[in-house]
Number of protein chains: 2
Amino acid sequence: MAKFRLPKLHSDFSVDCVIFGFDEGELKVLLVERNEPPYEGWIAIPGNLVYDHEDIHEAAARVLYELTGLKNIFLEQFYSFGEIDRHPQGRVITVAYYSIIKSSVNGLHPVSGYTRKAFWCPADKIPKLAFDHNQIVERALETLRHKIQYEPVGFELLPEKFTLTQLQHLYEAILEKKVDKRNFRKRILRYGLVSELKQKQKNVSHRAAAYFKFNKRRYADLKKKGFIFGIK
Amino acid sequence: MAKFRLPKLHSDFSVDCVIFGFDEGELKVLLVERNEPPYEGWIAIPGNLVYDHEDIHEAAARVLYELTGLKNIFLEQFYSFGEIDRHPQGRVITVAYYSIIKSSVNGLHPVSGYTRKAFWCPADKIPKLAFDHNQIVERALETLRHKIQYEPVGFELLPEKFTLTQLQHLYEAILEKKVDKRNFRKRILRYGLVSELKQKQKNVSHRAAAYFKFNKRRYADLKKKGFIFGIK
DNA sequence: GCAAAAGTGTTAACTTTACACCCATGT
DNA sequence: ACATGGGTGTAAAGTTAACACTTTTGC
């Protein structure tokens, strides 16, 4: 027979966030240095317990803010991890979220004492992390690679203005393979997902590239019609 | 500062299972009639609390067995639901799993007293369910529709031997649209994912259709090479 | 003038789509 | 003989993949 111990004072579930950024031609993941046991001093992804009467999605946003200073980030849930021994102090199930943002945003300043600092780490150089966080990051990467196949996720990672080469390098970093320049450009331009700006690069020691911006409106229209945006 | 109340006696999280079957040309969902408060007497998807020292995945398998008699089902996690008021007796986060099976399996016999019965319901005629289960089923359907676009999920829903028309109707039921017979067959046959059996239908008042079987080996080979199996 | 990255088109192979008639079986 | 669903091919349109040279800019 089911028994409920309610109401409770504390939840034994948590949220963890895998935040992807792209900078210097590399895919990056946002990490923190913990300032609390367990795993005090370890590197981890931002995460913490959910309050009792708190929506998990809001909890993810709050925790991310407290631990890194990031605000107004669009978070998407991707998996829950519940190995019985994943937390050294007992059973804690965690709901994992991910987001892809413009890592140019500076101001990574933990707002609480839970973490000592927050910093970007190249996705292919993640150190040993606290808890089962390596597993969580690995799964987030799979989700991202999968997602980029049918949604133009990449634009979220770039600044407002970007060159087509930057965009291409981003795809190559996520998919971990080379893409043909001409075919890539044809595909991107075909559906009008980007608009060319009049502005060009300056002070580069090679032909200046045109800047483009993502055409959100156009994307929304196409999406309604069920189109798929894939780069193979 | 984080505080942990550990060890605990009971978990306040649950698992819920959306089991898809296909029968009589219709996509079906496995439902139960509850025999316990809350929502006693209501229709719901099979679900219950997770034991303290139980892996959530194992919990899903156990709960499914107890409530419906189904065993050895491949369950896949797809989302966690954590609205603060989703459970009338307090905060309960649920991890939702789905599976696709041959609904010909009879023997739906609840093994515990939690449910009065288990039965198949057409996916497009789901009644009002307990908790937020309608929302969970809806999301599982989206996941299934998405998944069938790049994995030959359909074979899991059919008996060992099936006709190509049955397979086509299955795709049409899931994708909710008509598919061209000739093009469908060409695509299925092209990659050798199915093998024709010598056996044919009997006692049908029209030309007997050939039976086919799914070629798992071939699928595994193709998958390794990164192929995508899509029906548009 | 050279190094570095930007930008640009064509062709062949393949994939997708649309479409209509004859076949086998039971009644 | 008729009703029912099974089974089959082709051509046109569209998509993908492979591939190399010229342009612009700063030093």
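Chain letters run A, B, ... following the sequence lines, proteins first, then strands; residues in each count from 1. The structure presented is a predicted model; accordingly, all values stated were derived computationally and were not measured.
Taking the salt bridge (charged side-chain N to carboxylate O under 4.0 Å, His left out) definition, one finds that B/R116 meets it with B/E33, B/E40, sequence neighbours left out. Under the side chain to side chain contact (heavy atoms under 4.5 Å, CB included) criterion, A/E160 pairs with A/K102, sequence neighbours left out. For B/E176, the salt bridge (charged side-chain N to carboxylate O under 4.0 Å, His left out) criterion is met by B/R145, not counting sequence neighbours. By the side-chain hydrogen bond (donor to acceptor under 3.5 Å, both in side chains) test, A/K125 pairs with A/E26, sequence neighbours left out. For the salt bridge (charged side-chain N to carboxylate O under 4.0 Å, His left out) test, residues two or more places apart in sequence or in another chain that qualify with A/R86 are A/D16, A/D132.
Between B/I188 atom CD1 and D/dG7 atom P there is a gap of 14 Å when expressed in whole angstrom units. Taking atom NZ on B/K181 and atom P on C/dC22, their separation rounds to 14 Å, with Å as the unit. Between the CD atom of A/Q166 and the C1' atom of C/dG7 there is a distance of 16 Å, given to the nearest Å. Rounded to whole Å, the distance from CD on B/Q201 to P on D/dT4 is 16 Å. As a whole-Å value, the separation of B/L189 CG from C/dT16 P is 15 Å. Atom NZ in A/K177 sits about 10 Å away from atom P in D/dA18, given to the nearest Å. Taking atom CG on A/N183 and atom P on C/dG7, their separation rounds to 16 Å, with Å as the unit. Across the protein-nucleic acid pair, B/K202 atom NZ and C/dT25 atom P stand 12 Å apart, rounded to whole Å.
Donor-acceptor pairing under 3.5 Å, judged by distance alone, is present between the side chain of B/K186 and the base of D/dT10.
Each end of the helix from C/dG1-D/dC27 to C/dT27-D/dA1 yields a helix axis from five base pairs, and these two axes differ in direction by 0° (to the nearest 10 degrees).
For the pair A/R190 and A/K200, both in contact range of DNA chain D, the more 5′-proximal nearest nucleotide belongs to A/R190.
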Can you give the donor-acceptor pairs under 3.5 Å from side chains of residues 199-206 of chain B to other protein atoms, not counting sequence neighbours?
| from | atom 1 | to | atom 2 | distance (Å) |
| --- | --- | --- | --- | --- |
| B/Q199 | OE1 | B/K161 | NZ | 2.9 |
| B/Q201 | OE1 | B/A209 | N | 3.0 |

What pairs of donor and acceptor atoms, side-chain ones from residues 58-72 of chain B against any protein atom, are under 3.5 angstrom apart with sequence neighbours left out?
| from | atom 1 | to | atom 2 | distance (Å) |
| --- | --- | --- | --- | --- |
| B/R62 | NE | B/E54 | OE2 | 2.6 |
| B/R62 | NH1 | B/E66 | OE1 | 3.2 |
| B/R62 | NH1 | B/E66 | OE2 | 3.3 |
| B/R62 | NH2 | B/L49 | O | 3.2 |
| B/R62 | NH2 | B/E54 | OE1 | 3.0 |
| B/T68 | OG1 | B/L64 | O | 2.7 |
| B/T68 | OG1 | B/L70 | N | 3.1 |

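Screening A/V194, A/N215, A/I100, A/L170 for a side chain to side chain contact (heavy atoms under 4.5 Å, CB included) involving A/F155 leaves a single residue, A/V194.
The shortest distance between the side-chain N/O atoms of B/R182 and the OP1/OP2 oxygens of D/dA11 is not below 4.0 Å.
Between A/E196 and A/K213 no salt bridge is recorded (no basic side-chain N to carboxylate O distance below 4.0 Å).
Non-hydrogen atoms lying under 4.0 Å from DNA chain D are contributed by B/S205, B/H206, B/R207, B/A208, B/A209, B/A210, all within residues 205-212 of chain B.
Residue B/T163 is classed as having no contact, given no heavy-atom separation below 4.0 Å to the nucleic acid.
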